[in-house]
**Q** 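Take this structure first; my questions come after.
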Amino acid sequence: MAPRTVLFVLFDGVQSLDVTGPLEVFAGAEQHTPGTYRIRTASPDGAPVRTSSGLTVVPDEALARADTPHTLLVPGGQGTRRPDAYLADWLREHGPRAERLVSVCTGAIRLAEAGLLDGRRVTTHWAYCDRLARDHPAVEVDPDPIYVRDGHVSTSAGVTSGIDLALALVEEDLGREAALTIARHLVVFLRRPGNQAQFSAQLAAQTAQREPLREVQQWITEHPADDLSVETLAARARLSPRHFARAFQTETGMTPGRYVDRVRLEHARRLLEDTLDGVEEISRASGYGTPEGMRRAFVKALGTAPSEYRRRFHPTPAH
């Protein structure tokens, strides 16, 4: 089989990690299985580009000289804030010819400007989801997942999620063992499921300003199976339940109950993804008490039961 060409589109203001993260994954795959990938970089005129962090990157060629690749990858960065007619025209002509069309972060904006995302379900960096949806109403924007695959089009959220998506593509091409070897070399997880939220519970909520409330947030994260009622948490913060609930929501942006729900769901998802523990054991460890309680929480939040979630996202078969 001829090597799959992976072409990275470069432009001034590109986010360097959007390029180098996925590039290292594909380069690692080529080292693992020589002859698998041919990696190329190209800028509009072939000239060096300056990334948003000030790093200068020298491309292999100009876009006009680039052959149609197997995988066309468009990174994001500050440069996507300005429309680029040349890039839009080039992508509009060459994008449909690629077997795989991939964006990292706000690279989805470049694809949308070329009309390549119309009718597709996509994602991008959380801070730009509203803009993408507003400017391109024909695109279905999902702000939650770290990456989305819709047919031959794959889009990922901010920066490091490009590594997750690249590993998923390598796993598709070469199998799990090859992808696992590359992930270990890069010291990253092989698989954060594509529908894993861009925000963990801790990131989704603001960090409380007052130390007692921050300590309660940390306690919740470390003890999801404990009694996490408002009364118990208020006692830890040395506040009345009413004062605690009001202060917690003011400083974190969500109620204590909502925060506890997110932490428990996140904890259960991680155990389903990373362990072979039984559903009953996981339900207790995550604070749900019973498998039925956990099932209701999963169906409400994710639209799927824990057993189905594990079947889809556990990297190895669960026994």
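Sequential numbering from 1 along the given sequence is applied to the chain's residues.
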**Q** Taking all atoms of both residues into account, what is the closest heavy-atom pair of Pro75 and Thr80, and its distance?
**A** O-CG2, 4.4 Å

**Q** Taking all non-hydrogen atoms of both residues into account, name the closest pair between Ala297 and Leu265 and its distance.
**A** O-CD1, 4.5 Å

**Q** Can you run down the side chain to side chain donor-acceptor pair (under 3.5 Å) pairs that involve residues 2-27, sequence neighbours left out, and say none if there aren't any?
**A** none

**Q** Restricting to salt bridge (Lys or Arg N to Asp or Glu O under 4.0 Å), what partner residues turn up for Asp118, sequence neighbours left out?
**A** none

**Q** Which residue pairs satisfy the ring pair (Phe, Tyr, Trp, His ring centres under 6.0 Å) criterion with at least one member in residues 29-49, sequence neighbours excluded?
**A** Phe26-Tyr37

**Q** Look at the side chain of Thr255 and the backbone N and O of Gln249, then say whether any donor-acceptor pair between them is shorter than 3.5 Å.
**A** no

**Q** Please name the pair of heavy atoms, one in Glu30 and one in Thr36, separated by the smallest distance, quoted to 0.1 Å.
**A** OE1-N, 2.9 Å

**Q** Only pairs at least two apart or in different chains count here, so list each salt bridge (Lys or Arg N to Asp or Glu O under 4.0 Å) that has a residue in residues 282-291.
**A** Glu280-Arg284

**Q** Using a strict 4.0 Å threshold on nitrogen-to-oxygen distance, state whether Asp261 and Arg258 make a salt bridge.
**A** no

**Q** Find out if a path of hydrophobic residues (ILVMFWY) with successive side-chain heavy-atom gaps under 4.5 Å connects Val58 to Phe11.
**A** no

**Q** Apply ring-ring contact (aromatic ring centres under 6.0 Å, His included) to His94 and list each qualifying residue two or more places apart in sequence or on a separate chain.
**A** Trp90

**Q** Using a strict threshold of under 4.0 Å (side-chain N to carboxylate O), is an ion pair present between Glu308 and Arg311?
**A** yes

**Q** Just jot down the ring-ring contact (aromatic ring centres under 6.0 Å, His included) partners of Phe8, sequence neighbours excluded, or say none.
**A** none

**Q** Is Arg236 paired with Asp226 through a side-chain N to carboxylate O contact shorter than 4.0 Å?
**A** no

**Q** The criterion is side chain to side chain contact (heavy atoms under 4.5 Å, CB included); which residues satisfy it with Glu231, sequence neighbours excluded?
**A** Ser229, Pro241

**Q** Which heavy atom of Ala245 sits nearest to which heavy atom of Val230, and what is that distance?
**A** CB-CG1, 4.4 Å

**Q** Could you see if Tyr288 belongs to whatever hydrophobic cluster contains Val299? Use Ile, Leu, Val, Met, Phe, Trp, Tyr and a side-chain cutoff under 4.5 Å.
**A** no

**Q** Not counting sequence neighbours, list each pair that qualifies as a salt bridge (Lys or Arg N to Asp or Glu O under 4.0 Å) and has a residue in residues 292-301.
**A** Glu292-Arg295, Glu292-Arg296

**Q** Rounded to the nearest 0.5 Å, how far does CG of Leu271 lie from CD of Glu266?
**A** 11.0 Å

**Q** Is it the case that the side chain of Arg121 and the backbone of Asp142 share a donor-acceptor pair, with hydrogens and angles ignored and the cut-off at 3.5 Å?
**A** no

**Q** Quick one: ring-ring contact (aromatic ring centres under 6.0 Å, His included) partners of His223, sequence neighbours excluded?
**A** Trp219

**Q** Would you say the side-chain atoms of Thr124 pair up with the backbone N or O of Gly158, donor to acceptor, closer than 3.5 Å?
**A** no

**Q** What residues form a ring-ring contact (aromatic ring centres under 6.0 Å, His included) with Phe298, not counting sequence neighbours?
**A** Tyr309

**Q** How far apart are the C-alpha atoms of Leu63 and Leu87, what are their side-chain angles, what is the distance that settles it, and do they pass the side-chain contact (heavy atoms from CB on, under 4.5 Å) test?
**A** CA-CA 9 Å; Leu63 284 172; Leu87 270 181; 3.5 Å; yes

**Q** Does atom CZ of Arg184 have more than 12 heavy-atom neighbours from other groups under 6.0 Å away?
**A** no

**Q** Would you mind listing every salt bridge (Lys or Arg N to Asp or Glu O under 4.0 Å) that reaches into residues 36-62, with sequence neighbours excluded?
**A** Arg40-Glu61

**Q** What are the two closest non-hydrogen atoms of Gly46 and Ser43, and how far apart are they?
**A** N-OG, 2.9 Å

**Q** Without swapping roles, check the side chain of Thr232 against the backbone of Leu228 for a donor-acceptor pair under 3.5 Å.
**A** no

**Q** Provide the closest heavy-atom pair for Val279 versus Met294 in the form atom of the first, atom of the second, distance.
**A** CG1-CE, 3.5 Å

**Q** Any salt bridge (Lys or Arg N to Asp or Glu O under 4.0 Å) pairs touching residues 70-84, not counting sequence neighbours?
**A** none

